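Notes for the one structure printed next.
This one's a predicted model, so the numbers in the text were calculated from it and none came from an experiment. Residues: numbered from 1 along the sequence shown.
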Amino acid sequence: ITRMKLNSLIILIVILFAVSCGSPNNEEIEAFLSQREEAIEKKDVDSYMTLIAPEYEVEEGNKTVSREDIKKKFLSNVTLFDTLELTNANRSIYERDGVIEVVQFTVVDASVDETKNRFKMNEKIHLSKIDEKWYIVKESDADFLERFVFGGSN
């Protein structure tokens, strides 16, 4: 083997090792996000709440957002609609200070009494692994009803 081929082989092995080390978490996160999407589309509050951290508490301005607030937000996002279909694009997954930040562009196709609407929004969701299970520790502030009525994207 020539030195150039050996160097190329070493670089390839390092790249493959780096990719294989990073993918299990990303695969787990992608599966977790699919569960979130399915819970929203099925309007299944019980399944959705299993994704929220047991001790969920986020400071937003001068208010603390709790699990109960997340449940209310979920119900207000899905109850009005007959059908919901989510498509995510441009998803990026970052790790910062032990917390996973998911940034994604979400397109929602929603219908109410034969009225169909498509709206778009940017979402930012924070995940953490607690006792070997992924949970949402800061949920997106997406407001489906507002987007349905006023359209556009945030």
(message) Taking I93 as the starting point, is it possible to reach V99 by hopping between hydrophobic residues whose side chains are less than 4.5 Å apart?
(response) no
(request) Take atom NZ of K73 as the centre, draw a 6.0 Å sphere, and report whether it contains more than 12 heavy atoms from other residues, nucleotides or ligands. (result) yes
(message) Which residue in the set R96, K138, E101 passes side chain to side chain donor-acceptor pair (under 3.5 Å) when paired with H126?
(response) E101
(message) To check you understand the geometry: which heavy-atom pair defines the closest contact between L84 and E41, and what is its length?
(response) O-CG, 3.5 Å
(request) Measure from the side-chain N and O atoms of R67 to the backbone N and O of E55, and report whether any donor-acceptor pair falls under 3.5 Å. (result) no
(request) Using atom types as modelled and distance alone, determine if a side-chain donor or acceptor of D44 lies under 3.5 Å from a backbone N or O of A39. (result) no
(message) Give me the atom names and distance for the closest heavy-atom approach of I70 to Y48.
(response) CG2-CE2, 3.9 Å
(message) Assess, by modelled atom type and distance only, whether the side chains of E57 and S66 contain a donor and an acceptor separated by less than 3.5 Å.
(response) no
(request) Work out which heavy atom in N122 is nearest to a heavy atom in F105; give both atom names and the distance. (result) OD1-CD1, 3.2 Å
(message) What verdict does the side chain to side chain contact (heavy atoms under 4.5 Å, CB included) test give for V58 and E139, after you've listed the backbone C-alpha separation in whole Å, the side-chain angles of each residue and the deciding distance to 0.1 Å?
(response) CA-CA 9 Å; V58 174; E139 180 54 297; over 6 Å; no
(message) Show the nearest heavy-atom pair for residues L127 and F32, with the distance to one decimal.
(response) CD2-CE2, 3.5 Å
(request) Say whether L80 and L86 are linked into one hydrophobic cluster, either directly or through other cluster members, by side-chain heavy-atom distances under 4.5 angstrom. (result) yes
(request) State yes or no: do V102 and V137 share one hydrophobic cluster built from I, L, V, M, F, W and Y residues joined by side-chain heavy-atom distances below 4.5 Å, directly or via other members? (result) no
(message) Counting C-beta onward and ignoring hydrogens, is there a side-chain heavy-atom pair between L33 and N88 closer than 4.5 Å?
(response) no
(request) For the pair F81 and F119, name the ring-plane relationship: parallel under 30°, tilted 30 to 60°, perpendicular over 60°. (result) tilted
(request) Could you tell me whether a side-chain N or O of N117 sits under 3.5 Å from a main-chain N or O of A110, the two making a donor and an acceptor? (result) no
(request) Taking the side chain as every heavy atom from C-beta outward, state whether I125 and R36 have any atom pair closer than 4.5 Å. (result) yes
(request) Please assess N77 against D143 for the test side chain to side chain contact (heavy atoms under 4.5 Å, CB included), listing each intermediate value before the final yes or no. (result) CA-CA 6 Å; N77 269 341; D143 187 330; 4.1 Å; yes
(request) Give a yes or no on whether I52 and Y135 share a hydrophobic cluster (residues Ile, Leu, Val, Met, Phe, Trp, Tyr; joining criterion: side-chain heavy atoms under 4.5 Å apart). (result) no
(request) Quick one: pull up CD in E60 and CG in N62 and give me the separation to the nearest 0.5 Å. (result) 11.0 Å
(request) Say whether, by atom type as modelled, one donor and one acceptor occur between the side chain of T50 and the main chain of S47 under 3.5 angstrom. (result) yes
(request) Working to the nearest 0.5 Å, report the span between CD of E114 and CG of D82. (result) 8.5 Å
(request) Determine whether more than 12 heavy atoms belonging to other residues, nucleotides or ligands lie under 6.0 Å from atom NZ of K124. (result) no
(message) More than 12 heavy atoms of other residues, nucleotides or ligands under 6.0 Å from CD of E59: yes or no?
(response) yes
(request) Taking the side chain as every heavy atom from C-beta outward, state whether V107 and R118 have any pair of such atoms under 4.5 Å apart. (result) yes
(request) Measure the CG-OH distance between D69 and Y56 for me, rounded to the nearest 0.5 Å. (result) 9.0 Å
(request) Show your reasoning for whether side chain to side chain contact (heavy atoms under 4.5 Å, CB included) applies to E30 and R91. (result) CA-CA 10 Å; E30 292 288 347; R91 179 179 285 162; 2.4 Å; yes
(message) Starting from M49, can I reach L51 by hopping between I/L/V/M/F/W/Y residues whose side chains sit under 4.5 Å apart?
(response) yes
(request) Give the intermediate values and the outcome of side chain to side chain contact (heavy atoms under 4.5 Å, CB included) for residues I40 and F144. (result) CA-CA 11 Å; I40 293 169; F144 289 14; 3.7 Å; yes
